[in-house]
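In what follows, chains are A, B, ... by sequence order, proteins preceding strands, each numbered from 1.
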There are 2 protein chains.
Amino acid sequence: MAKTSHATGLHRASLAKLNELDAALELMYYGWRGMTLEADAYLAKQGLSRPHHRILYVVARRPDIAIGALIEILGISKQAVNRPLNLLLERKLLTSKRSPEQHRSKLLRLTEAGRRVEQRASDHERNVMREAFDRVGASGAAGWMGVMEAIADNN
Amino acid sequence: MAKTSHATGLHRASLAKLNELDAALELMYYGWRGMTLEADAYLAKQGLSRPHHRILYVVARRPDIAIGALIEILGISKQAVNRPLNLLLERKLLTSKRSPEQHRSKLLRLTEAGRRVEQRASDHERNVMREAFDRVGASGAAGWMGVMEAIADNN
DNA sequence: TTCTAAAGTCAACATGGTTGACATGAGATG
DNA sequence: CATCTCATGTCAACCATGTTGACTTTAGAA
């Protein structure tokens, strides 16, 4: 299970710290990479990538979401959503149907296959998080959540 | 200072949690975005972006680094490094010189202007981190570091 | 019937990354 | 000296992900 840092050609650099908080910046960078690495590799095997996963993730948690709402949550333009979304529909990982009362909006849902891909990709990420939380215990996990909430709400 | 979540077109989605750890995945996503948001806006004003900042960041902490070592730390191909690196040299944010004893390698250094840009961009990120750490206190900060180290070393 | 909002589509473009192929410059070795 | 090798530089082709702008289609609402 121990992967070498060279597998990705990337390793946590031993850089001189110019500032007390430099370690935090680097941890954020390599932490993000560390969490997404295996999930991205899995997605790539399926011919998918991060934007596809983001769509599947959101639709899994908001069945019958309209495209407009999806676009707002993803924070990208409808044109940017269009390509990955169409691929997911073609590949039958998603279905879209007109709402009975709101025919304007198309409502998105995962198919069984879509649910499976979403779960497996997200599982890779959750496993990384679970291992990390296990290593530091409940209080460390709570600290992590507190910091990340503060950062996330900075936008 | 309070920015609306709509400024970016992106907001923390109120998504149903299918899994206990979903909150952690979302926090990582929005946390990364939150930390880099202001720095990216500053860099964009300078006509620069994240890859330029990464180069400046590394060279600031490893003066006289050779290009090959830089490539390895960044984890991208030399061709991908080439364009942003050349821009930084043209803009005189970086200098390169042949090493006296190792003429093969070019050694990179920041100019004063480069140091200034690097500091300002990194300051935006550090400020976000500092505020978050202040909000949760030392034990929370320690927990955050522990979790992020575990994740970062997962690669 | 006409107005409007949601969705879809098309074109052009920027950026950041990839591989592959090849040129150059300079130390190392026969 | 000649040649080998390695670090670097450069060029071309390509792909993915995003952008803006312009336009069409669809269908509910006025």
Plane angle bin for A:Phe133 and A:Trp144 - parallel if under 30°, tilted between 30 and 60°, otherwise perpendicular: perpendicular
Residues which pass side chain to side chain donor-acceptor pair (under 3.5 Å) with B:Glu112, listed by chain and number, not counting sequence neighbours: B:Arg115
ring-ring contact (aromatic ring centres under 6.0 Å, His included): pairs with one or both residues in residues 54-95 of chain B, sequence neighbours excluded: none
Separation of C:dT9 P from A:Leu89 CG (nearest whole Å): 10 Å
Interatomic distance, B:Leu107 CG vs D:dG9 C1' [rounded to whole Å]: 16 Å
Atom-pair distance (CD1 on B:Ile67; C1' on C:dG25), nearest Å: 13 Å
For B:Asp40, all residues meeting side chain to side chain donor-acceptor pair (under 3.5 Å), sequence neighbours excluded: B:Arg50
Close residues, residues 39-47 of chain B, relative to DNA chain C [heavy-atom separation under 4.0 Å]: none
A:Ser139: partners by side chain to side chain contact (heavy atoms under 4.5 Å, CB included), with sequence neighbours left out: none
Separation of atom NZ in A:Lys106 from atom C1' in C:dA6, rounded to whole Å: 11 Å
Only pairs under 3.5 Å count here: list side-chain donor-acceptor contacts from residues 81-91 of chain B, not counting sequence neighbours, and write none if there are none.
unit_1, atom_1, unit_2, atom_2, d
B:Asn86, ND2, B:Asn82, O, 3.4
B:Arg91, NH1, B:Gln46, O, 3.2
B:Arg91, NH2, B:Gln46, O, 2.7

Protein-nucleic acid N or O pairs under 3.5 Å, nucleotides 18-21 of chain D:
unit_1, atom_1, unit_2, atom_2, d
D:dG18, OP1, A:Arg54, NH2, 2.9
D:dG18, N7, A:Arg83, NH2, 3.1
D:dG18, O6, A:Arg83, NH2, 3.0
D:dT19, OP2, A:Ser77, N, 3.0
D:dT19, OP2, A:Ser77, OG, 2.6
D:dG21, O6, A:Gln79, NE2, 2.8

D:dT8 phosphate, OP1 or OP2, under 4.0 Å from B:Ser105 side-chain N/O: yes
Residues that B:Asp64 engages under side chain to side chain donor-acceptor pair (under 3.5 Å), provided they are two or more places apart: B:Arg109
Residues that B:Asp123 engages under side chain to side chain donor-acceptor pair (under 3.5 Å), provided they are two or more places apart: B:Arg126
Atom-pair distance (CG on B:Leu88; P on D:dG9), nearest Å: 14 Å
Spacing of A:His53 atom NE2 relative to D:dT17 atom P, expressed in whole Å: 14 Å
From D:dT10, C:dA7, C:dG16, nucleotide with atom closest to B:Asn82 side chain: D:dT10
Nearest-0.5 Å distance that lies between atom CD1 in B:Ile73 and atom CG in B:Leu70: 7.0 Å
Value in whole Å for how far the P atom of D:dT17 lies from CG of A:Leu87: 9 Å
Spacing between B:Ile71 atom CD1 and D:dA7 atom P, to the nearest angstrom: 10 Å
Toward the 5' end of DNA chain D, by each residue's nearest nucleotide, B:Leu85 or A:His52: B:Leu85
